[in-house]
Number of protein chains: 2
Amino acid sequence: MTILRAIIQNYLETGEPVGSRTISKYTDLNLSSATIRNEMSDLEEMGYIVQPHTSAGRIPSDKGYRLYVDMLMQDKQMEMDSLKLELNAKSEKLDSILKEAARVVAANTNYASMITAPRYRKRSIKFLQLTQVDDASLLAVVILEGNIVKNNIIHVDEVLTAETLLKLNLMLNTFLQGLDIEEINASVMQKLRTESGAYASLISDIIDVIATSLEGEEVEAYTSGSTNIFKYPELNDSQKASNLLTALEEKKQLTELMYQEGDSERGIQVYIGDESPLEATKDCSVVTATYHIEEGVYGKIGIIGPRRMDYQKVVGTLKNLMSELDQIFQKGK
Amino acid sequence: MTILRAIIQNYLETGEPVGSRTISKYTDLNLSSATIRNEMSDLEEMGYIVQPHTSAGRIPSDKGYRLYVDMLMQDKQMEMDSLKLELNAKSEKLDSILKEAARVVAANTNYASMITAPRYRKRSIKFLQLTQVDDASLLAVVILEGNIVKNNIIHVDEVLTAETLLKLNLMLNTFLQGLDIEEINASVMQKLRTESGAYASLISDIIDVIATSLEGEEVEAYTSGSTNIFKYPELNDSQKASNLLTALEEKKQLTELMYQEGDSERGIQVYIGDESPLEATKDCSVVTATYHIEEGVYGKIGIIGPRRMDYQKVVGTLKNLMSELDQIFQKGK
DNA sequence: TGTTAGCACTCGGCCATGCTGAGTGCTAAT
DNA sequence: ATTAGCACTCAGCATGGCCGAGTGCTAACA
């Protein structure tokens, strides 16, 4: 078993098929290449390693990698080299934190990274305000739990008096505060409308705009370091690179992968090669992790790299980042 | 001269060096390949075309392209196939308009595109508002000319009364409305501070946050279709592709290119190969255009593709988009 | 029974070689 | 001024031979 480990580790470093002689010299256990060959033969039969062609060294199969990362995962402790997010402490704009996180991870690992913003739908409205900007436009600001700010300009036909505005604001807040977007259903709307009297249609407009602005963009996601994939010859084939980069640009598929069933847990998920349901990442490994902003509100971060990824480092980095992020968001509350 | 045109046009289509026989058959003017050869020889001497190696066809040199696009540009009229931005008319968030514009252009031309948001520094403040969100945080909303909304959470130690808030808001608006970020100098600050009395330090904080939030991110930029470059074999070399994509990801350099001296005009700028000061685009052509939001406030959009770009189409598309954008922003006023 | 040495075998990668076809330049004829 | 013809060049491709890394197997050994 230590031989499998040795093979994998060597392959991770070099990226080239590893032969029996290399192992026999490289490791401490004094075994001749012939012995190694026998062992390798066994390992191949068990499906942990593969020969790209007769008379080349062996490379780990997906199954081999899987065994390896499983072993890694239950290792007592990973060294965590600290990484500090360099953020201007004062302003806490969610998107810049996320962008920075993606950037740091990509720079640290030399792989591509992608981070998704938490879903909005589950967040309750904390505060809501309309302001008259000029004759034709209202500004609607919505603050969600977690201090996420969304804003929108709404065009109106008539100028509202300060008094009306005050009344509308009060009403909107009374009715909507504490609700999340899914809870604003027909009955709430109905109440609001009857309550608002003459301004019913305006209210409808407003709710509409708010709803689309919250719901609209699906999950936002940021990528970084996507050009890192050129550093790995096995992905440097233009066909593969193109597919991968397209996936990273589109983001949609990857987002879906991350929000797969059953992993809303804190756990770190590893998809090796074909284990991923995504066509584009068949030649890659994807490692995803979850960060939490509060109960039920979480986002994902993923690292995409070659199969022969430095899993140890990646998992370490992610764990690290998770605690870093959790801390930031804790403070923000 | 019509021969040069023929050569270039053929090369634009095929991407392969074009030989004398091809031209002789392809065009209407009935000339044998030998004649073409003589002409080509002349053209080469004049520096408009180049042989990649002895006994291959000719390809246009940068100088040749330059001549070609110059001819194009003074052509009476380009056919503009209309392209409609699909935008939800109600919400007019600048960034989604820009993203959509980049997307449409990339999809229409099959090249990579990048669009920059207009610079903020020149925009004057239209409206400004502080709101208490919870015990520890204030929300600062700034609306700039052109209905660009920026917001920031500011942490405070004490809870402000509604009255104080009202006073602060009034004061901030009186002093800052109509100014752009560069006009908020020491003397204005000084006045504000003395005026505000006990809240001087809070005011400083607020101005600080506003300033950094406006100034902070430099110029925002969005890219789209960067993976289109894989469609052109001459850029499909991993070295070049990597450089280009990195440039597109970083955006910074490209932004600088776009904001080069002397082209704040409406004009469309074309950089062919080495004409560009950017190392990364030495193998490409870059076409940039300017859109206007109002006097002195403008952004740029650029298309990056291979030297053998369909200049006609690109320029047409850009012109089209420009008028489209101008219209949208006109309406928004 | 596990380990080792030795040997024949396999096969990708590399290099030299040769061929082909597209394309040129030049010259002589129209 | 245009054209036909011809010799020449050269990238691209296929072929074939060689090398070396690596394997599998067998026989010897502890």
Using heavy atoms and a sub-4.0 Å distance, could you list which residues of residues 7-25 of chain A are near DNA chain D? By number, please.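 Going residue by residue through residues 7-25 of chain A, the ones with a heavy atom under 4.0 Å of DNA chain D turn out to be A:G19, A:S20.
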Test of understanding: with salt bridge (Lys or Arg N to Asp or Glu O under 4.0 Å), list the residues that count as partners of A:E256, not counting sequence neighbours.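 Expected list: none.
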Pair A:T288, A:Y271: side-chain N/O donor-acceptor within cut-off below 3.5 Å: no
What is the distance, rounded to the nearest whole Å, between atom [atom1] of [X] and atom [atom2] of [N]?
X	N	atom1	atom2	value
B:R58	D:dC10	CZ	P	14 Å
A:H53	D:dA21	NE2	P	13 Å
B:I3	D:dT2	CD1	P	9 Å

How are the rings of B:Y65 and B:Y11 set relative to one another: parallel (under 30°), tilted (30 to 60°) or perpendicular (over 60°)? tilted
Base C:dT10 to side chain A:S55, donor-acceptor N/O within 3.5 Å cut-off: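 Between C:dT10 and A:S55, which were checked side chain against base, a qualifying N/O pair under 3.5 Å is present.
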Tell me which residues in residues 28-46 of chain B put a heavy atom below 4.0 Å from DNA chain C, sorted by number, or none. B:R37, B:M40
Pairing of A:E234 and A:R308 as salt bridge, 4.0 angstrom limit: yes
Would you call A:R66 and A:E275 a salt bridge, using N to O less than 4.0 angstrom? yes
Test item: A:S33 side-chain N/O and A:S24 main-chain N/O as donor-acceptor pair under 3.5 Å: no
Between the main-chain N or O of B:V18 and the side-chain N or O of B:T22, is there a donor-acceptor pair closer than 3.5 Å? no
Is the distance between the ring centroids of B:Y111 and B:Y232 under 6.0 Å? yes
